[in-house]
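To find a chain, count down the sequence lines: A is the first, B the second, and so on, and within it residues start at 1.
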2 protein chains.
Amino acid sequence: MATGNANSTVRTSYRHGDLRRALIEAGVDLAREGGPAAVVLREATRRAGVTPNAAYRHFADRQALLDAVCSSCQALVAYSIEADQAQVTTTDPVEAARLRFRAVGTGYLRFALEQPGQFQTAFSASSDMESATSSARAGASGLTPFQLLSQALDDLVTVRLLPPERRPAAEFLAWSSVHGLAELFIDGPLRALPDAVKQTLIVRVIDMVEKGL
Amino acid sequence: MATGNANSTVRTSYRHGDLRRALIEAGVDLAREGGPAAVVLREATRRAGVTPNAAYRHFADRQALLDAVCSSCQALVAYSIEADQAQVTTTDPVEAARLRFRAVGTGYLRFALEQPGQFQTAFSASSDMESATSSARAGASGLTPFQLLSQALDDLVTVRLLPPERRPAAEFLAWSSVHGLAELFIDGPLRALPDAVKQTLIVRVIDMVEKGL
DNA sequence: GCTGATATGTAGACGATGTCCACATGTGAG
DNA sequence: CTCACATGTGGACATCGTCTACATATCAGC
């Protein structure tokens with residue numbers, strides 16, 4: 001095997017340098033190609049040009065690696081949301097808050113459709129409320145997808161588009177709808193729908209949330 | 001090994017009798033105990049008191065077995081919905097339609113909370129629109145969970161609680177919300193919530209759907 | 001009732017995976 | 001310079017899905 005390395009840099013030293021990061025990156029690639037089930041420890045080490053056991057110096061077991069990959073994938077979701085939010089240019093603060101709220105949904109669902117494997121991986125590992133706010137899962141703004149949604153809802157209250165008494169737990173209602181649609185799209189019965197119809201459904205679901213919240 | 005059998009009936013003949021059914025039932029048990037990943041072909045054959053390869057006389061591969069188990073689990077979801085719907089006793093047809101619609105959501109989510117493993121398995125295998133209406137996934141009424149939802153929405157239109165122009169694709173909006181909440185409950189950030197809070201969220205999500213549809 | 005084709009189950013093997021234990025070798029602190 | 005520790009290697013094991021033979025039970029047709 002020696003320095004046999006499939007990837008970018010050929011390892012010159014005995015030490016890898018940053019194996020932990022390399023394994024996570026390989027895992028993210030695997031997730032893109034085949035979802036969480038494809039995040040295989042041995043294959044990740046293979047791509048990092050390293051023996052399977054080397055992974056155990058950085059991760060307790062495969063699940064720990066998958067957790068780290070999951071966090072990285074959630075950060076990608078955050079970036080996708082931020083990208084959609086950045087396109088809001090209205091100067092009207094009320095309309096801006098409304099559109100930035102909707103952008104959470106569209107960014108989330110756009111990512112789910114563009115990178116289904118990574119999307120599934122992002123929410124495959126069982127995460128609790130604590131890890132939903134971990135900084136490892138944040139985007140450029142330092143906020144996780146969940147926190148981006150919370151903030152958008154707070155802003156909705158600020159501009160009086162959402163009555164304060166309906167604010168509590170609103171993130172779970174909104175998240176449920178959007179996340180459920182993503183699941184139906186990815187491996188649910190809506191998988192085969194033409195893209196235009198999917199886009200229509202996205203708009204309608206977000207309409208429903210906005211109206212029903 | 002001979003007639004070594006862990007389950008109910010000891011196999012007396014060389015032939016098993018109904019191995020296909022036995023494997024599916026073992027698979028459903030495994031799903032209850034550990035979700036789709038726990039539906040392991042070899043373990044299912046072990047529980048059926050049979051050699052691993054015997055399964056290949058009835059299923060093309062593990063995925064085929066998992067698909068069958070998935071169908072059985074979806075039937076369980078249908079039964080759960082029907083159970084909740086059966087509790088609606090109002091004589092007022094309008095209120096009855098409304099409550100039967102809500103019962104789709106409560107029955108669905110009650111099953112998700114009571115049998116998370118089977119619930120996840122029910123929607124793990126990638127199903128398309130065709131399999132969502134397969135009779136193997138139906139409950140006592142002969143309807144799949146998806147069809148029960150569609151019927152409830154049709155009834156909502158009949159009693160004029162839902163304008164006909166908003167009927168198209170409404171099942172996907174409602175399903176998204178309820179299914180998404182189930183996912184957040186089972187291995188999302190809402191996993192650790194006390195049961196009472198979960199019940200409140202269920203009511204609120206269904207409220208949102210009813211209001212926003 | 002016999003016989004042979006077919007359905008069903010068995011036996012053994014292979015490659016892949018996660019993971020364990022023992023060992024080797026860089027690297028940095030003293 | 002040396003030695004402890006961090007990091008990677010090598011080999012092994014159990015389990016899993018699946019393949020290729022092989023064996024036996026059951027039923028159709030004579």
What's touching nucleotides 11-15 of chain D from the protein side, N or O pairs under 3.5 Å?
from: D:dG11; atom 1: O6; to: A:N53; atom 2: ND2; distance (Å): 2.6

### Message
Please determine whether a side-chain nitrogen of the Lys or Arg among B:R98 and B:E210 lies less than 4.0 Å from a carboxylate oxygen of the Asp or Glu.
### Response
yes
### Message
C:dG9, OP1 or OP2 - any side-chain N/O from B:R57 closer than 4.0 Å?
### Response
no
### Task
Report the distance from atom CG of A:L41 to atom P of C:dT19, rounded to the nearest whole Å.
7 Å
### Task
Write out all pairs satisfying ring pair (Phe, Tyr, Trp, His ring centres under 6.0 Å) with one or both partners inside residues 25-72 of chain B, taking only residues at least two apart or from two chains.
none
## Note on the structure
Whole-Å distance, B:Y56 OH to C:dA7 C1', equals 19 Å
### Task
Using whole Å, report how far CZ of A:F59 lies from P of D:dG8.
11 Å
### Query
When the distance from CG of A:L23 to P of C:dG18 is rounded to whole Å, what number comes out?
12 Å
### Task
Identify the residue among B:V197, B:D207, B:L113, B:V178 that makes a side chain to side chain contact (heavy atoms under 4.5 Å, CB included) with B:I202.
B:L113
### Task
Classify the angle between the aromatic ring planes of B:F146 and B:W175 as parallel (below 30°), tilted (30 to 60°) or perpendicular (above 60°).
tilted
### Query
Is any side-chain N or O of B:H58 closer than 4.0 Å to OP1 or OP2 of C:dA7?
no
### Task
Please report, rounded to the nearest Å, how far the C1' atom of C:dA16 is from the CZ atom of A:R62.
13 Å
### Task
Could you tell me whether the side chain of B:T200 and the main chain of B:A196 form a donor-acceptor pair under 3.5 Å?
yes
### Query
Within this structure, what is the CG-to-C1' distance between B:L19 and C:dG9, rounded to whole angstrom?
9 Å
### Test item: side-chain donor near acceptor, B:R137 and B:T144, under 3.5 Å
no
